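Below: the structure, in structure tokens.
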Amino acid sequence: QSNQGAVEARLAQPLGFQAFNDIVRQKIVIQMAKDQGVYPTDDQIVKEINFQVEGDPNYVKRLSAEGLDMNMIKQELAVQMSQNNLISKGITISPSEVDDYIKANPDKFTEPASFDADWILVHTDAAKKQVDDELRRGQPFDSTAQRFSEAPLAKENKGAFQFHQIAQLPKELQGPFNDTPPLKTTDWIKATDGMAKFYIVQKTPATKVAITPHLRQLVSRQLALQRGGNASEIGTQIQDRLKTATVNIKLPGLQETWDQYLKALAQQPSKPAQAAPAATTK
């Protein structure tokens, strides 16, 4: 999906093979977690669902809308939790370490200042004059944008600007956005491919995030993962297992692609210290 709408993308590998490869890797992660005694129990998975719902009340509803039933949600979480447990195995984060991290990183616990804006992009002086004449006659900015803006998807988005934070903007826009109060328009600003004018609908100042027990637990998890090691180390262990795994393929059309993939994988160097016993996946 691009600013010009949907476009075709070339696939590195057939989608069916990518899905198959993901499933194999997930099974290996689960086997690694079981081997090391960190595979989550059913109770822990249910507890994790409740934790996710605490942070996002629509968590289950959102995943259900994407086609996942409860068993599939639990399976997804089992894989995620297994990988995180492998990375953070043996790591304990104290409450004081969480406090220190929050104090040392205030920006990470602040909702940045934001805005809503409409905009008009034109490419010629004649179009610019036409817009100015409409606004001077008192026409609403958003309807003028829908009629005259040459920005991609201007009509579909009803003239709405796609960005909402000052830091997301190019430097040449940050000053005018800071200086323009709500319900006012900026002057015309030279853009890469034309001239742009913006109407600031509203501004929301930066606010501190409430430090809830849920947020503290998220911070603790993040610190444990950082201290436990890089996720790429788990990726290396998965690669090593794949090189020696026995994978019984039951679906037609995948065996040749899988064999080519394993041949390329075998040419990549392994790290003997991280090598794991062979896995069997069906």
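Numbers for residues simply follow the sequence, beginning at 1. Remember, it's a predicted structure, so these values are computed and weren't measured experimentally. FYI, side chains are in, hydrogens and waters are out, and symmetry mates aren't considered; it's all heavy atoms of this structure.
Relative to the six-membered ring of Phe51, Arg221 meets both conditions, a distance below 6.0 Å and an angle of at most 45° to the axis. Both tests hold for Lys34 against Tyr39: distance to the six-membered ring centre under 6.0 Å, angle to the ring axis within 45°.
Placement of Val247 and Leu262 within a single hydrophobic cluster is found when ILVMFWY residues are connected by side-chain heavy-atom separations under 4.5 Å, directly or transitively. Cluster membership for Ile28 and Leu265, using ILVMFWY side-chain heavy atoms within less than 4.5 angstrom, is shared. In the hydrophobic clustering of ILVMFWY residues, with side-chain heavy atoms under 4.5 Å counting as a link, Leu218 and Tyr59 come out apart. Placement of Leu223 and Ile102 within a single hydrophobic cluster is found when ILVMFWY residues are connected by side-chain heavy-atom separations under 4.5 Å, directly or transitively. Under a hydrophobic clustering in which Ile, Leu, Val, Met, Phe, Trp and Tyr are joined whenever their side-chain heavy atoms come within less than 4.5 Å, directly or via other members, Ile87 and Met32 fall into the same cluster.
More than 12 heavy atoms of other residues, nucleotides or ligands sit less than 6.0 Å from atom CD of Glu66.
With values rounded to the nearest 0.5 angstrom, Gln165 atom CD is found 7.0 Å from Ser114 atom OG. Remark: Asn58 CG to Leu63 CG distance equals 10.5 Å, nearest 0.5 Å. In this structure, Gln255 CD and Asp259 CG are separated by 4.5 Å, a value rounded to the nearest 0.5 Å. With values rounded to the nearest 0.5 angstrom, Gln80 atom CD is found 10.5 Å from Ile45 atom CD1. Taking CD1 of Ile49 as the reference point, atom CG of Leu77 lies at 5.5 Å (rounded to 0.5 Å). Rounding to the nearest 0.5 Å gives a distance of 12.0 Å between NZ of Lys74 and CE of Met81.
Using cut-offs of 30° and 60° on the angle between ring planes, the pair Phe141 and Tyr199 is parallel. Note: Phe115 and Phe177 have tilted aromatic rings, judged against thresholds of 30 and 60 degrees for the angle between ring planes.
Within the 6.0 Å centre-distance limit, the rings of Trp258 and Phe20 are counted as a close aromatic pair. A centroid separation of less than 6.0 Å is found between the aromatic rings of Tyr261 and Phe17.
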- Step-by-step side-chain contact (heavy atoms from CB on, under 4.5 Å) determination, Asp132 to Lys128: CA-CA 6 Å; Asp132 285 338; Lys128 173 183 170 183; 4.0 Å; yes
- Message: Show, in sequence, the C-alpha distance, side-chain angles and deciding distance for Gln52 and Glu48, and conclude whether the side-chain hydrogen bond (donor to acceptor under 3.5 Å, both in side chains) test is met.
- Response: CA-CA 6 Å; Gln52 295 294 334; Glu48 180 64 20; 2.7 Å; yes
- For Glu76 and Leu68, run side-chain contact (heavy atoms from CB on, under 4.5 Å): C-alpha distance rounded to whole Å, both residues' side-chain angles, the deciding distance at 0.1 Å, then the answer. CA-CA 10 Å; Glu76 292 275 347; Leu68 277 67; 3.9 Å; yes
- Message: Apply side-chain contact (heavy atoms from CB on, under 4.5 Å) to residues Lys184 and Ile200 and explain how you reach the verdict.
- Response: CA-CA 6 Å; Lys184 298 292 183 180; Ile200 309 301; 6.0 Å; no
- Checking side-chain contact (heavy atoms from CB on, under 4.5 Å) for the pair Lys47/Asp43: CA distance, chi angles, key distance, verdict? CA-CA 6 Å; Lys47 185 177 179 180; Asp43 288 344; over 6 Å; no
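By the 4.5 Å heavy-atom criterion applied to side chains, Val46 and Asn50 are counted as neighbours. Counting heavy atoms from C-beta on, the side chains of Val201 and Leu183 never come closer than 4.5 Å. In this structure the side chain of Thr207 never reaches within 4.5 angstrom of the side chain of Thr110, judged on heavy atoms. For the pair Gln162 and Trp119, the minimum side-chain heavy-atom distance is below 4.5 Å. A heavy-atom distance below 4.5 Å is not found between the side chains of Ile189 and Lys197. Side-chain contact between Asp116 and Phe161 is absent, with no heavy atoms from C-beta onward closer than 4.5 Å. Taking the side chain as every heavy atom from C-beta outward, Leu121 and Asp193 approach each other to under 4.5 Å. Val38 is listed as a side-chain neighbour of Leu86, based on a closest heavy-atom distance under 4.5 Å.
Panel note: side chain Ser149, backbone Gln146; no donor-acceptor pair is recorded below 3.5 Å. Side-chain atoms of Ser220 never come within 3.5 Å of backbone atoms of Arg216 as a donor-acceptor pair (strictly under, hydrogens ignored). Under a 3.5 Å cut-off, the side chain of Gln222 and the backbone N or O of Val219 do not form any donor-acceptor pair. Without hydrogens or angle criteria, Gln83 side chain to Ile234 main chain gives no donor-acceptor distance under 3.5 Å. A side-chain donor-acceptor contact under 3.5 Å links Thr212 to the backbone of Leu215. The backbone N or O of Thr180 sits less than 3.5 Å from a side-chain atom of Lys203, completing a donor-acceptor pair. Between the side chain of His123 and the backbone N or O of Met195 there is no donor-acceptor pair closer than 3.5 Å. Judged by distance alone, the side chain of Asn157 and the main-chain N or O of Ala160 form no donor-acceptor pair under 3.5 Å.
Taking both residues in full, the closest heavy atoms of Ile91 and Ala224 are given as CG2-CA, 3.9 Å, listed atom of the first, atom of the second, then distance. When all heavy atoms of Gly159 and Ala145 are compared, the closest pair comes out as CA-CB, 3.8 Å. Nearest heavy-atom pair, Lys208 versus Pro106, reported as atom, atom and distance to 0.1 Å: NZ-CB, 4.1 Å.
Under the 3.5 Å distance criterion, with hydrogens and angles disregarded, no donor-acceptor pair is assigned to the side chains of His214 and Glu54. Side-chain contact check for Thr257 and Gln260: no donor-acceptor pair (N or O, by modelled atom type) lies under 3.5 Å. For the residue pair Tyr101 / Lys108, a side-chain donor-acceptor distance below 3.5 Å is found, with atom types taken as modelled. Using a 3.5 Å distance cut-off with no hydrogens or angles, the side chains of Gln130 and Glu134 do not pair a donor with an acceptor.
A salt bridge does not link Asp56 with Lys61: none of the charged nitrogens is closer than 4.0 Å to a carboxylate oxygen. Ion pair Asp133/Arg136 flagged as a salt bridge, since at least one NZ, NE, NH1 or NH2 atom sits closer than 4.0 Å to an Asp/Glu carboxylate oxygen.
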